[in-house]
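One structure is given here, and the rest of the page talks about it.
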Amino acid sequence: MINEISSVVTKLRERVPLVQAITNYVTINDCANILLAFGASPAMSEAYDESYEFAKISNALYLNVGTLTKEQETSMIMASISAKKSNISVVLDPVGCAGIQKKMDVVKRILELGRVDIIKGNGGEIKSLAGQDSKVRGVDSIDGEEGIEEAVKFLANEYKCVVVATGKRDFISDGKRMAIISNGVELLTKVTGAGCMLGALCAGTAGAEKDKFAAACTAVISMGIAGEKAYEEAKKPGSFKVKLMDAIYDINEETIKELAKIEFI
Amino acid sequence: MINEISSVVTKLRERVPLVQAITNYVTINDCANILLAFGASPAMSEAYDESYEFAKISNALYLNVGTLTKEQETSMIMASISAKKSNISVVLDPVGCAGIQKKMDVVKRILELGRVDIIKGNGGEIKSLAGQDSKVRGVDSIDGEEGIEEAVKFLANEYKCVVVATGKRDFISDGKRMAIISNGVELLTKVTGAGCMLGALCAGTAGAEKDKFAAACTAVISMGIAGEKAYEEAKKPGSFKVKLMDAIYDINEETIKELAKIEFI
Amino acid sequence: MINEISSVVTKLRERVPLVQAITNYVTINDCANILLAFGASPAMSEAYDESYEFAKISNALYLNVGTLTKEQETSMIMASISAKKSNISVVLDPVGCAGIQKKMDVVKRILELGRVDIIKGNGGEIKSLAGQDSKVRGVDSIDGEEGIEEAVKFLANEYKCVVVATGKRDFISDGKRMAIISNGVELLTKVTGAGCMLGALCAGTAGAEKDKFAAACTAVISMGIAGEKAYEEAKKPGSFKVKLMDAIYDINEETIKELAKIEFI
């Protein structure tokens, strides 16, 4: 499995997937930059009268509900319906759905009307989406790992997709397979957008690899290793973020095979 | 007083205040990052059908009118009314109100309908808000210090809040007390968002400290010292901004006590 | 000619042109920062009920259709009409017009109703705008240089403005003169917003120099040299972008005279 996972990086760099992103304005620049650094081609096309058409010509669609203006809300639903019709991979990032009912409503509407290949959220968001109680504070999860495996599996089966729950350890499942990844460093929580950037990377790998479980594992491991590499060079958040972009640019099959901390259960 | 001011940093890191920010898209990423680096928890929840609910669960609200879309305008008014009802601290950053009448109108509406604990603007904005003539160019103040003390005191009494006027020296008053702070470096004016980041920090400290005068002083001194520290390592704007984030991460009670350039008049 | 081009940098730093930018949310921070680093004064005033008034007091207007919300669309048209009336220089950046019909419609409307001094796009966008077939992928041009000279000249004559087509080599014409510039490095395509930042710089120089052909050449050469300088210090995209801002800050008449790779045909 690790060979399949690591090979996704090479596939991505050969295919240069075009990733349409409708994402929050806080980290939209970071998402574009990390996709470019990783080898994908980002396009933040989000006007409601563009998103349907643009989704058709993309290889993957990234939907992040972090700052959900009314226009973005309409655009996301139209783009995800378009992606369903044209068989385009979709990654859904339900930022803040655990604490804000309106975001939960939009997330469920997207899941109902459109197509979603990967749901990527923090532990609190994933548990909340699975109908479990969760502890969140604003957009951050302050929950432990209790119940997370069940939530991930439940959602994967419910929506027939791959589910990623991030935290100290990251849980990934397609309903049958389950991976636990332990790469990453604490400082990733001190720069805004680590979660969004991971979501964008999932869209990049999903646009290059048929097996979305492998695609999600590749993105999660790559982000984690990049964090570890960045931390070797910078212990403070400003410098760390710069080095994180450099490190993603350097990731390759070998670094993944050598440094991945993944177990399958 | 300096002990009270410096202790706010420790209080902030213990409380990790949740700061809701409705702010301009130019520097929204910088505001989130500097709040994280300082030890607060930012959440840029600004959709008009989220902002009222979200303000209730926050510890502070940061309102910045820099790029004021119609949806943001509605959201700001709703969030500030919600903050008033739920007793949440509010920082208002009247970016551009001196040069653009419409921004002035929205700023005054927020002051009338909602709750504001700290108004933080540049000299031109504060003078203009106080009804004085001011010299501005676009969103920048090109005014001197003449009349600034009076404007700060007048506004503080008029709106029963703390007022911060930034410039070569920064003036802070709650109507009774008046502090003048001389930390900072010229290069802070060559990166976009130094003012916005300071406003965000004010919301962070206001969410952790009851005495908003002390809270404002802590934010202003911290930003100034961080600028000085960053300038020791980087003399050009790209590198300087990276080091600024690193330096905010490093601020503590001791650095404030040692390096604060504050006088009370 | 190189003396005229290099002198624009000095004029810009003396005049500190106020540049109003209505631009995409992906790179709005980068555009503001590079304008500040170069010596201009950016103001991202884009609310539809501000843009008409604000254009009047600006020295130049930068319009970038990358993420075109409905409110931005209205604002751009109002600001460009205002600029026409008040004789303010306008730079139009038709991001994505080659792949998205709606963007092309808005771009043409701006050209019809308002005033445009410089059109700056990648090869695919410029050819597409000139009515030629073009090869694009999302917002990126994957076209060669074939037909580009003709497209640039045609558009310059058609709209009586300066046209810049970027690519491995950059083509600039005012309908009579034609310059080809070969500065820059490949890594500029691995950070988001290099094109937007160049567009912003064009607005900066256009706000300081009457001859818009010289102004456009200055911006293109400055961006290219800054890329080369940054690449000497950083080979990876995160660090490279930081050094790019530092390098723009350092550009002066001498570096342009020494390092410009420009030919006139």
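Sequence lines set the chain letters: A, B, ... in the order given, protein chains first and strands last, and positions in each chain run from 1. Atoms considered below: every heavy atom in the structure, side chains included; atoms not considered: hydrogens, waters and symmetry mates.
Atom NZ of A/Lys85 has 12 or fewer neighbouring heavy atoms from other residues, nucleotides or ligands inside a 6.0 Å radius. Remark: A/Glu254 CD is packed, more than 12 non-hydrogen atoms of other residues, nucleotides or ligands lying under 6.0 Å away. Enclosure of atom CD in C/Glu146 is not indicated, since only 12 or fewer non-hydrogen atoms of other residues, nucleotides or ligands lie within 6.0 angstrom.
Heavy atoms of C/Leu68 lying under 4.5 Å from chain A belong to its backbone as well as its side chain. Proximity to chain A is limited to the side chain of C/Asp30, based on heavy atoms less than 4.5 angstrom apart. Residue contact with chain C, scored on non-hydrogen atoms closer than 4.5 Å, involves the side chain of A/Asn59 exclusively. The contact between A/Val16 and chain C is made by backbone and side chain atoms together, counting heavy-atom distances below 4.5 Å. Only the side chain of A/Asp250 comes within contact range of chain C, with at least one heavy atom under 4.5 Å from a heavy atom of that chain. Only the side chain of C/Val242 has a heavy atom closer than 4.5 Å to any heavy atom of chain A. If you measure heavy-atom distances from A/Lys241 to chain C, you find no contacts under 4.5 Å at all.
With hydrogens and angles disregarded, no donor-acceptor distance shorter than 3.5 Å links the side chain of A/Asp49 to the backbone of C/Lys102. The main-chain N or O of C/Thr192 is found under 3.5 Å from a side-chain atom of A/Asn33 such that the two form a donor-acceptor pair.
Between C/Ile100 and A/Ser45, the closest side-chain pair of non-hydrogen atoms falls below 4.5 Å. Put simply, the side chain of A/Glu53 does not reach to within 4.5 Å of the side chain of C/Gln101, judged on heavy atoms. Two residues are said to be in side-chain contact when any heavy atoms from C-beta on lie closer than 4.5 Å; A/Met245 and C/Ser239 fail this criterion.
The greatest number of non-hydrogen atom pairs below 4.5 Å with chain A, out of C/Thr67, C/Thr27, C/Thr69, is found for C/Thr69.
A salt bridge does not link A/Glu71 with C/Lys70: none of the charged nitrogens is closer than 4.0 Å to a carboxylate oxygen.
For the atom pair A/Asn29 CG and C/Ile28 CD1, the distance stands at 11.0 Å (nearest 0.5 Å).
The nearest pair of heavy atoms linking C/Leu187 to A/Tyr249 is CD1-OH, 3.6 Å.
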